Amino acid sequence: MSGISGLRTWWAERPPAAGAAVMATGILSVGLQLTGAETVSRLALALTAVAWVALAADFALRLLGRRQRWAAEAQSPGALNAVAATTVLGTGISALGRQTLAGALLALAALLWPVLLVTVVRHWRRRMPGSVFLCCVATQGLAVLAATLAAAEHRAWLAHTALVLFWLGLVLYGLALAHFDARQVWEGAGDHWVAGGALAISALAGAKLLIAADAGPYLWDDDDRAVLRTTTVALLVLDLACYLALLAAEAARPRRGYHMLRWATVFPMGMTATATLSVATAVGVPWLGWPGRVLLWVAVAVWLTVAAGVVLAARAGGRDG
């Protein structure tokens with residue numbers, strides 16, 4: 001019984017950032033599906049769905065019964081994990097061919113997005129942690145899922161909506177960068193990696209838009225396509241450079257021990273791998289598939305390490321290291 005009690009205590013103390021665990025697992029599922037690892041991909045997607053349902057129930061219970069706490073947490077950047085996690089789950093479900101369910105998740109995320117985005121941005125301050133980039137991640141998550149559904153359902157309006165969200169996400173990245181505390185690269189507990197993850201999901205959104213243009217009706221002319229292609233490749237290059245810089249910072253100043261924010265490290269790693277694989281397909285550069293696969297299995301290894309930390313933290317009664 002003490003183990004169950006410890007798990008309950010651990011769960012009760014989870015911040016909104018717990019949604020990063022759903023995002024991390026979900027994007028690994030998407031990446032694994034791209035490499036043909038169907039069984040492992042479906043297992044990861046099942047874990048994502050179970051965790052998402054649990055977090056959604058917790059979200060609803062706090063909204064209905066603990067309004068003060070919900071309102072306080074909705075002001076933090078981590079609240080936008082609710083939107084991003086929903087879009088990542090929807091993208092994985094779309095890959096299974098369940099477009100109606102994926103569309104329902106897109107609608108839910110679209111309803112939450114403006115409310116949470118405005119609330120979060122209104123409470124920005126100087127020298128924010130890496131979670132400030134979740135404004136971009138949530139917006140680009142909507143773009144990714146909308147573009148994915150546009151390709152699957154041949155819906156031009158969804159692709160055009162995704163394109164608007166894509167450019168808006170880039171604007172939000174610039175605004176977030178202006179508020180980001182660069183010292184977090186050396187001092188952050190894990191969510192400083194979201195600076196790179198936001199670039200990765202932006203590159204993924206660009207790749208999905210290019211794929212949607214190939215799969216469906218006429219969307220934009222050659223000049224527009226060329227701009228989108230160039231921007232997508234540039235975003236991936238910037239993301240990979242950011243990945244290497246963050247990795248170097250971790251090597252120079254190791255942050256040992258488990259922390260819940262380490263899920264916000266796994267997500268950008270998995271997203272970088274998935275973006276690399278998707279851009280390889282979208283722009284017709286097959287050799288990018290190899291580094292994408294390597295980065296994917298690195299992300300899987302880090303996921304396993306962080307998951308082991310979750311088990312140990314739960315046994316210890318919720319003390320995050």
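Quick caveat, the model's predicted, so the values are computed rather than measured.
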So how far is it from [X] [atom1] to [Y] [atom2], rounded to the nearest 0.5 Å?
{"X": "Leu246", "Y": "Gln184", "atom1": "CG", "atom2": "CD", "answer": "11.5 Å"}
{"X": "Ile27", "Y": "Leu204", "atom1": "CD1", "atom2": "CG", "answer": "6.0 Å"}
{"X": "Leu106", "Y": "Thr148", "atom1": "CG", "atom2": "OG1", "answer": "9.5 Å"}
{"X": "Lys208", "Y": "Thr232", "atom1": "NZ", "atom2": "OG1", "answer": "12.5 Å"}
{"X": "Leu235", "Y": "Leu199", "atom1": "CG", "atom2": "CG", "answer": "6.5 Å"}
{"X": "Leu165", "Y": "Leu142", "atom1": "CG", "atom2": "CG", "answer": "5.5 Å"}

Looking at every heavy atom in both [X] and [Y], which two are closest together, and how far apart are they?
{"X": "Ala275", "Y": "Ala203", "result": "CB-CB, 4.3 Å"}
{"X": "Thr91", "Y": "Leu145", "result": "N-CD1, 3.6 Å"}
{"X": "Gly196", "Y": "Cys242", "result": "CA-SG, 3.6 Å"}
{"X": "Ala147", "Y": "Ala162", "result": "N-CB, 3.8 Å"}
{"X": "Met128", "Y": "Val132", "result": "CB-CB, 3.7 Å"}
{"X": "Gly130", "Y": "Val194", "result": "O-CB, 3.5 Å"}

(message) Quick one, Leu149 with Arg155, criterion side chain to side chain contact (heavy atoms under 4.5 Å, CB included). Give me CA distance, side-chain angles, the key distance, then yes/no.
(response) CA-CA 8 Å; Leu149 287 169; Arg155 303 297 175 100; over 6 Å; no

Consider only side-chain heavy atoms of I, L, V, M, F, W and Y, link residues closer than 4.5 Å, and tell whether [X] and [Y] are in one cluster.
{"X": "Leu247", "Y": "Val266", "result": "yes"}
{"X": "Leu304", "Y": "Met271", "result": "yes"}
{"X": "Val50", "Y": "Leu96", "result": "no"}
{"X": "Val279", "Y": "Trp290", "result": "no"}
{"X": "Val294", "Y": "Leu244", "result": "no"}

Can you tell if the side chain of [X] reaches within under 4.5 Å of the side chain of [Y], non-hydrogen atoms only?
{"X": "Pro129", "Y": "His192", "value": "no"}
{"X": "Met269", "Y": "Leu295", "value": "no"}
{"X": "Trp297", "Y": "Leu32", "value": "yes"}
{"X": "Thr274", "Y": "Leu34", "value": "yes"}
{"X": "Val285", "Y": "Leu288", "value": "yes"}
{"X": "Cys135", "Y": "Val120", "value": "no"}

(request) Kindly check if the number of other-residue, nucleotide or ligand heavy atoms within 6.0 Å of CZ (Arg225) is above 12? (result) yes

(request) Check the pair Val137 / Met23 against side chain to side chain contact (heavy atoms under 4.5 Å, CB included), numbers first and verdict last. (result) CA-CA 11 Å; Val137 171; Met23 294 158 59; 4.0 Å; yes

Please answer whether the main-chain N or O of [Y] pairs with a side-chain N or O of [X] as donor and acceptor at a distance below 3.5 Å.
{"X": "Ser94", "Y": "Gly90", "value": "no"}
{"X": "Thr25", "Y": "Val22", "value": "no"}
{"X": "Asp214", "Y": "Ile211", "value": "no"}
{"X": "Ser41", "Y": "Ala37", "value": "no"}
{"X": "Gln140", "Y": "Phe166", "value": "yes"}
{"X": "Arg255", "Y": "Gly190", "value": "no"}

(request) Establish, yes or no, whether a centroid distance under 6.0 Å links the rings of Trp193 and Phe267. (result) no

(request) Would you check, one step at a time, whether the test salt bridge (charged side-chain N to carboxylate O under 4.0 Å, His left out) holds for Arg262 with Glu250? (result) CA-CA 12 Å; Arg262 271 307 178 191; Glu250 294 274 359; 3.0 Å; yes

(request) Apply the side-chain contact (heavy atoms from CB on, under 4.5 Å) test between Leu163 and each candidate in Leu168, Asp224, Leu209; give the one that qualifies. (result) Leu209

(message) Under the side-chain contact (heavy atoms from CB on, under 4.5 Å) test against Leu236, which residue among Leu238, Val233, Leu240 passes?
(response) Leu240

Throw together a table of side-chain donor-acceptor distances under 3.5 angstrom for residues 169-181, partners on residues two or more places apart or in other chains.
residue, atom, partner, partner atom, Å
Tyr173, OH, Ala195, O, 2.9
His179, ND1, Leu175, O, 2.9
Asp181, OD1, Arg183, N, 3.1
Asp181, OD1, Arg183, NE, 3.1
Asp181, OD2, Arg183, NE, 3.3
Asp181, OD2, Arg183, NH2, 3.1

(request) Before giving the answer on side chain to side chain donor-acceptor pair (under 3.5 Å), spell out for Thr48 and Ser29 the whole-Å C-alpha distance, their side-chain angles and the decisive distance to 0.1 Å. (result) CA-CA 8 Å; Thr48 303; Ser29 173; 5.8 Å; no

Output a table of donor-acceptor pairs, distance under 3.5 Å, between side-chain atoms of residues 107-115 and any protein atom two or more places apart or on a different chain; print 'none' if there are none.
residue, atom, partner, partner atom, Å
Trp113, NE1, Thr139, OG1, 3.0

(request) Go through Glu153 and Leu158 one step at a time and tell me if the side chain to side chain contact (heavy atoms under 4.5 Å, CB included) criterion holds. (result) CA-CA 9 Å; Glu153 298 286 289; Leu158 269 177; 5.6 Å; no

(request) Walk me through it: do Leu28 and Leu296 pass the test side chain to side chain contact (heavy atoms under 4.5 Å, CB included)? (result) CA-CA 7 Å; Leu28 286 183; Leu296 180 64; 3.9 Å; yes

